[in-house]
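The structure appears below as structure tokens.
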Amino acid sequence: MKKNIVNKVTSTPLSNFVKNTSQEEKEKIYKDIMIKVCDIQNEIIAKAKKNFQPEC
């Protein structure tokens, strides 16, 4: 006898966001996130350059 296996996805804030948010809003949020990531990356690079001491 074969059992029927059903995969159920639990409702999560992320799955609800994906289902219920317009493409335009998703793109805006993605753009905002990427800008923030870029800002953080630039801060890390600036700190690394400031602390860099080349070997002589």
Side-chain angles (χ1 to χ4, degrees):
M1 213 189 266
K2 232 180 174 183
K3 289 184 179 181
N4 290 335
I5 299 173
V6 178
N7 290 328
K8 292 184 178 181
V9 176
T10 305
S11 180
T12 64
L14 180 58
S15 67
N16 291 337
F17 169 79
V18 170
K19 284 188 265 184
N20 301 325
T21 306
S22 70
Q23 186 64 28
E24 186 177 280
E25 185 67 15
K26 289 176 194 172
E27 289 173 2
K28 180 189 177 299
I29 292 169
Y30 177 80
K31 181 180 176 186
D32 291 345
I33 291 170
M34 293 309 294
I35 289 171
K36 183 65 178 171
V37 167
C38 187
D39 291 344
I40 292 169
Q41 184 180 23
N42 287 338
E43 288 176 21
I44 292 169
I45 291 169
K47 286 179 185 177
K49 285 181 179 178
K50 184 178 176 183
N51 294 331
F52 178 70
Q53 295 177 357
E55 294 180 21
C56 294

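For the single chain, residues carry numbers from 1 onward in sequence order.
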Next on the checklist: For residues Leu14 and Ile33: do they belong to one hydrophobic cluster (side chain heavy atoms under 4.5 Å, members Ile, Leu, Val, Met, Phe, Trp, Tyr)?
Outcome noted: yes
Checklist entry - From Met34 CE over to Gln41 CD, what is the distance, rounded to the nearest 0.5 angstrom? => result 8.5 Å
Checklist entry - Could you give the distance from CD1 (Ile29) to NZ (Lys31), rounded to the nearest 0.5 Å? => result 13.0 Å
Checklist entry - With respect to Cys38, which candidate in Ile35, Asn42, Ile40 satisfies the side chain to side chain contact (heavy atoms under 4.5 Å, CB included) definition? => result Asn42
Checklist entry - Atom NZ of Lys26 and atom CG of Asn20: how far apart are they, to the nearest 0.5 Å? => result 9.0 Å
Item to check | Residue pair Lys28, Asp32: steps toward the salt bridge (charged side-chain N to carboxylate O under 4.0 Å, His left out) verdict | outcome: CA-CA 6 Å; Lys28 180 189 177 299; Asp32 291 345; 3.2 Å; yes
